[in-house]
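The first residue in the sequence is number 1, and the count goes up from there.
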Amino acid sequence: YVQCFWQVGPWSNCSSACGPGSKHRKVTCPAAAMEAGGCAGDKPEEMQVCGGSCSWLVSEWSDCSSQCGAGTRDRQVYCSAGSDAQCMMTLDRPADQESCIGQTCSWKISDWENCTISSCRNDSATGYGFRHRSVSCPSVLGALGCSGPLPIERELCQIEVSPECEGTWIVGQWSGCEEACGWSQEERQVSCRTSFDKTDTCQDPAPVGVQSCYSDLGCGWSFGNWSSCNTACGLGWQTRKVHCNDDAECSGSHKTNRSCTGSGPCKWTVSEWSECQADQQSSPCNSSGQQRRNVSCSSGSCEGMPPETARLCQMQLPEDCHRWVASSWSLCSVACGRGAQTRSVSCPSNQCIGEVPSATQACEESAGCHWRTSDWSSCSSLCGLGSQFREVWCPGVTEESCDANRKPNKSQDCDASDGCGGWEAGEWSSCSAQCGEGVKTRLVRCPGVCPGAGPEAVEPCVETSGCAWAVSAWTECSGECGTGSRSRDVRCAGPDQEERADTYCSAGDKPEFLTGCVVAASCEWYASAWQPCGHGCLPHIRNVTCPGGPPESCAGGKPAAAKPCTEPACTTSEPRSSSMYMVMALQATAETPPEQLAEAVAAALAASLAVDESAVAVWVIESDAERRLIHHQTLRLGVEVREAGQATEALMASPVFQPMLANTISQELVARSLPPLDEDALAELVIGEQAASELAPASSGFTTSSTTPGAVLLHYDQPAVEEAPLGASTIGGALMAPLFVLAVLLTVAL
């Protein structure tokens, strides 16, 4: 007796990547078993329900289609399974479009209208007035929807030569000779006027205002003087006395009053403002209007600018102007399924109240719906007859949106031959991990009847290509003065920045986690006690160091390391003036005058020599015999220290003076915001005969005598101040003799 078993093939792929589906396999009983009575047990199942969970994936919303006002914005919506139909079986599709309102509105401003002249400047053809323009906000929120203040809609303007202000001569009637007795003169009013008031802008010669006349009507009459005009502004009256002399035969009659114009300026006469009226060219729902009034001058000459004749006002609009206006809905955005419709929404007055109507709405359309299918699945049998399956769906809202008579088949028969053989194993996949432990897989299948459990389809793996050292920021430098240390975290991490074992990262490439550092500007300068003077009035010296190491670790400028000897024998020596000769190499620039650098050197020398700044004079020597360095310009300075004793000269000649002077000059230049000294700025120090030769071209009259070891004193027969050496200008005082000469090369970086 031989017991036979059912032969089963591998499961096919699930017919649905997400949502309900099915998978199949081939189950057979060998022919020999059928002859022996069949296979033992129930037949294994050939179909199982399968499928994963689906979800809709959405992108970020796009920007609003309208920068100002109502618009729409979109986003991408797609199913995690790759087919919208699979998600739509169980989930409603999220909207891919919605209404929005752009918030970056700008004021809409028209061009300025022509200037409307309303007055003229006295004695000029210049006209003054106002000009207008329209200002509106296109936002559905009205003026609240535009950024920035409301632009002005009306402003003063002027026209240099305005036709309204070009004067025309106006003449009145001749006064007549009725009051004359014989030959006399008659007058008439002659004035230059514009469209607004009296002015003096007429270009043509003025007409005659006085002419001769003859009359005897005034014989026998006595005429008094005209009184002053009874008004200071505008039209008024003048009166006089008229009578017939005794024993005279008088004929006719004469005026005892006449009109006149006041000599003072008049005030403008204004009427009440009119009702607010809309501009004829504006929209019926534009709330901006104008009020007008009459402005006049009774005398033709009123003081100051005329008051405005028009102003803006807000009109009471009809109720319809405050209601939102919406257009008809557009066609649905899709031909099949759920989409969106849009419409325009606006506010006629820019002052609508209430909720803004929606500019988009969801819609459903089926006119363009057609059945869709997925690819056929693999054959359910690897060897022999089997079945293939596919998804069939309608992209519309429901399956009723598609024609049921044209629905494709979901399954079909197939005949497979590829699986008729032994176990087959594919290539291993890449490791599932980029850094650390993971697994790799391969396809293992049995096309027919295969022995045993078959090769492994999954095995563990370790991958290090995605591992890298990750470092944190350095900690603050430890310590309180000078050299300290700082640290940081160093760990091995994968692409997800999660920590891994250090063995996964290369030990040779591991960054350092601890390093030295300098605590900047946290130390105080240390200065030892002053040492006694050396032989020959050598200066007092002391050690000056920064405990932290580099000078930048200590705050402030470096204290002096030397000072003149204070022994009585050195301070009671006969004072005399001493000089140095400095050659400063500067980068070529036109922005820093040499005199400013000379003033800084004078202050630095006074501090280094512990003398009053008034005792130091520095002057610029202009000479063709200049030293030149690469990218620098040479500046030659003469230096004089008045009433310097032996102690001061010994300090200047000592080796400690060179670095101390360089440090003091550098600090002084920085304090005055001038270019600092280069490194090793006093590297070249010239003393003695060479110093004399440096100064000789600019100062003929020097002689030498050696009184101090290591230095040469140059005696100069001092001329009067006005006879100073040609090309030399002094700062702080005149030259004096004798002179102590020191040639120094200073390099200043500009």
Check your understanding: Does a salt bridge link R131 with E155, judged by any charged N lying under 4.0 Å from a carboxylate O?
Key ->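 The answer is yes: the pair qualifies as a salt bridge.
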
Among all residues two or more places apart in sequence or in another chain, which pass the side chain to side chain donor-acceptor pair (under 3.5 Å) test with [X]?
X	answer
T239	S227
E365	none
E187	none
R258	Q238

Treating [X] as the side-chain partner and [Y] as the backbone partner, does any N or O pair qualify as donor plus acceptor under 3.5 Å?
X	Y	answer
R75	A95	yes
T256	K241	no
S62	D74	yes

Check your understanding: For the atom pair CD (Q97) and OG1 (T342), what is the distance rounded to the nearest 0.5 Å?
Key -> 6.5 Å

Exercise for review: Could you grab the distance from atom CZ of F130 to atom CH2 of W112, nearest 0.5 Å is fine?
Suggested key: 11.5 Å

Exercise for review: Could you please spell out the steps behind the side chain to side chain donor-acceptor pair (under 3.5 Å) verdict for E160 and Q158?
Suggested key: CA-CA 6 Å; E160 291 299 327; Q158 72 177 42; 2.6 Å; yes

Point to revise | Working for salt bridge (charged side-chain N to carboxylate O under 4.0 Å, His left out), residues E308 and R154 | key: CA-CA 11 Å; E308 59 181 355; R154 177 175 178 267; 2.3 Å; yes

Review point. Run the salt bridge (charged side-chain N to carboxylate O under 4.0 Å, His left out) check on E272 and R293 step by step: do they pass?
Key: CA-CA 6 Å; E272 295 293 330; R293 65 180 177 182; over 6 Å; no

Review point. Listed by chain and number, what are the ring-ring contact (aromatic ring centres under 6.0 Å, His included) partners of H254, not counting sequence neighbours?
Key: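 Residues passing ring-ring contact (aromatic ring centres under 6.0 Å, His included) with H254: W221, F223.
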
Review point. Under the salt bridge (charged side-chain N to carboxylate O under 4.0 Å, His left out) test, which residues partner D204, sequence neighbours left out?
Key: none

